[in-house]
Amino acid sequence: MVFKKLLLLLLATITGLATMNAQTNNDYTTNWKKVDAFEKKGLTKSALAEVMTIYNLALKDNNNAQQIKASIYQVKYRNLVQEDSRENNIFYADTLVAKAKAPVKNILQSMQAQMLWQYLQNNRYKFYDRTKLAEEKAKDISTWSLDKLHATISKLYKASLINESLLQSTKLQGFDAVIIKGENTRQLRPTLFDFLAFRALDYYMDDERDLIKPAYQFTLNDPKAFA
């Protein structure tokens, strides 16, 4: 499910970055055919190794679309070959983000936020049925509190909207493959900034993120209340 959502983002993004990526049109067709062949044979580790080759080439060539695609496929294959891969991939995304530049970095941050949000949704019963742990380990998401999870997700979505001018100048075209008919998505989300903003908005509009807060919050700031 997570990979399908990331793939939809990928399809949209490759199109949206096409004009920015004009200086390097290499789509590494031969390499991706090798990946496909390895996957069909069930040779997941070999497929992952070839994806890493594509990723490194994309970094070298400054090929935005292929860097994103290779990043997504790294997550896919790591999910298949590594233990506790879904949790580890959330932190592995830090490595991908660190090597990326805008707008690729913004997209990867949005993806990482989505991975965290998906993890929380899939494991909510573990968090709601326990008290807060005394120690929250930076690289062990199972020890995090709901507050820390939501704070991290929120921070990533906000970071994905940095470099606003660049994102707003990146137009999205050729969206037919991912548009849901009747929603006028192309008119509502004409730029990469709009696209990422709506992804963040989906999270902020979810009522679940407020379940751990009181229904009516107030702050006492009048000195007379403490007299």
Side-chain angles (χ1 to χ4, degrees), residues 2-29 31-32 51-76 78 89-118 151-180 183-205:
V2 176
F3 180 68
K4 287 183 179 179
K5 289 185 177 181
L6 296 181
L7 189 57
L8 288 179
L9 173 61
L10 161 69
L11 293 173
T13 304
I14 287 179
T15 302
L17 296 179
T19 55
M20 297 186 64
N21 214 40
Q23 75 279 11
T24 170
N25 293 319
N26 191 348
D27 59 3
Y28 310 119
T29 302
N31 301 83
W32 283 113
V51 166
M52 290 302 302
T53 297
I54 297 171
Y55 175 74
N56 290 325
L57 285 172
L59 284 177
K60 180 181 177 181
D61 295 340
N62 193 30
N63 192 320
N64 292 331
Q66 292 299 316
Q67 185 180 344
I68 297 165
K69 182 176 180 179
S71 295
I72 291 175
Y73 273 83
Q74 285 181 66
V75 172
K76 174 187 177 181
R78 283 169 59 89
N89 270 328
I90 292 172
F91 297 110
Y92 180 69
D94 288 331
T95 302
L96 300 174
V97 170
K99 293 181 179 180
K101 299 178 181 178
V104 174
K105 185 172 186 174
N106 301 77
I107 295 162
L108 294 178
Q109 287 170 322
S110 181
M111 286 167 46
Q112 188 178 25
Q114 181 180 322
M115 291 165 69
L116 272 167
W117 181 222
Q118 196 76 43
T152 304
I153 294 169
S154 180
K155 181 180 179 180
L156 284 166
Y157 273 127
K158 289 178 180 178
S160 74
L161 298 175
I162 294 175
N163 298 307
E164 184 175 341
S165 297
L166 174 61
L167 299 178
Q168 289 179 337
S169 66
T170 304
K171 303 296 182 181
L172 300 178
Q173 301 171 349
F175 251 107
D176 291 341
V178 293
I179 287 180
I180 299 175
E183 291 194 0
N184 297 318
T185 307
R186 191 179 306 176
Q187 287 74 29
L188 294 174
R189 308 171 193 183
T191 70
L192 184 56
F193 178 82
D194 299 310
F195 186 67
L196 293 176
F198 269 90
R199 282 173 57 81
L201 190 60
D202 285 341
Y203 165 71
Y204 287 114
M205 291 181 66

- Query: Mind checking whether Y55 and L96 have side chains closer than 4.5 Å, heavy atoms only?
  - Reply: yes

- Message: I'd like to know whether M111 forms a side-chain contact (heavy atoms from CB on, under 4.5 Å) with I72, so could you lay out the CA-CA distance, the side-chain angles of the two residues, the decisive distance to 0.1 Å, and finally the verdict.
- Response: CA-CA 9 Å; M111 286 167 46; I72 291 175; 3.5 Å; yes

- Under a 4.5 Å cut-off applied to non-hydrogen side-chain atoms, are N56 and K60 in contact? no

- Item | Y28 side chain near D61 side chain, heavy-atom distance below 4.5 Å | yes

- Distance (rounded to the nearest 0.5 Å) between K101 NZ and L59 CG: 9.5 Å

- Message: Please determine whether side-chain contact (heavy atoms from CB on, under 4.5 Å) holds for the pair V51 and K76, giving the CA-CA distance in whole Å, both sets of side-chain angles, and the decisive distance to 0.1 Å.
- Response: CA-CA 10 Å; V51 166; K76 174 187 177 181; over 6 Å; no

- Task: Check the pair Q114, L156 against side-chain contact (heavy atoms from CB on, under 4.5 Å), reporting the backbone distance first and the verdict last.
- Result: CA-CA 9 Å; Q114 181 180 322; L156 284 166; over 6 Å; no

- Item | Closest non-hydrogen atom pair between Q109 and A159, with its separation | OE1-O, 3.2 Å

- Would you give the length of the straight line joining atom CG of L166 to atom CG of L192, rounded to the nearest 0.5 angstrom? 8.0 Å

- Query: So, for S160 and L196, which heavy atoms are closest and what is the spacing to 0.1 Å?
  - Reply: O-CD1, 3.5 Å

- Message: Using side-chain heavy atoms (C-beta onward) and a distance below 4.5 Å, is I54 in contact with W32?
- Response: yes

- Do Q74 and N89 get their side chains close enough for a donor-acceptor pair, meaning under 3.5 Å? no

- Rounded to the nearest 0.5 Å, how far apart are CD of Q112 and OG of S71? 11.5 Å

- Message: Quick check against the 3.5 Å criterion: does Q67 have a side-chain atom that pairs as donor or acceptor with the backbone of N62?
- Response: no

- Distance col, row I107:CD1 vs L167:CG, nearest 0.5 angstrom, shows 8.0 Å

- Task: Answer whether the closest heavy-atom distance between the side chains of T170 and F193 falls below 4.5 Å.
- Result: no

- Check whether any side-chain heavy atom of M115 lies under 4.5 Å from a side-chain heavy atom of Y92, and answer yes or no. no

- Output for pair (Y157 OH, Y203 OH), nearest 0.5 Å, gives 8.5 Å

- Item | Heavy-atom donor-acceptor pair, Y204 side chain to S154 backbone, under 3.5 Å | yes

- Item | Any donor-acceptor pair under 3.5 Å from S110 side chain to N106 backbone | no

- Spatial distance of atom CG (N31) from atom CE (M52) [nearest 0.5 Å]: 13.0 Å

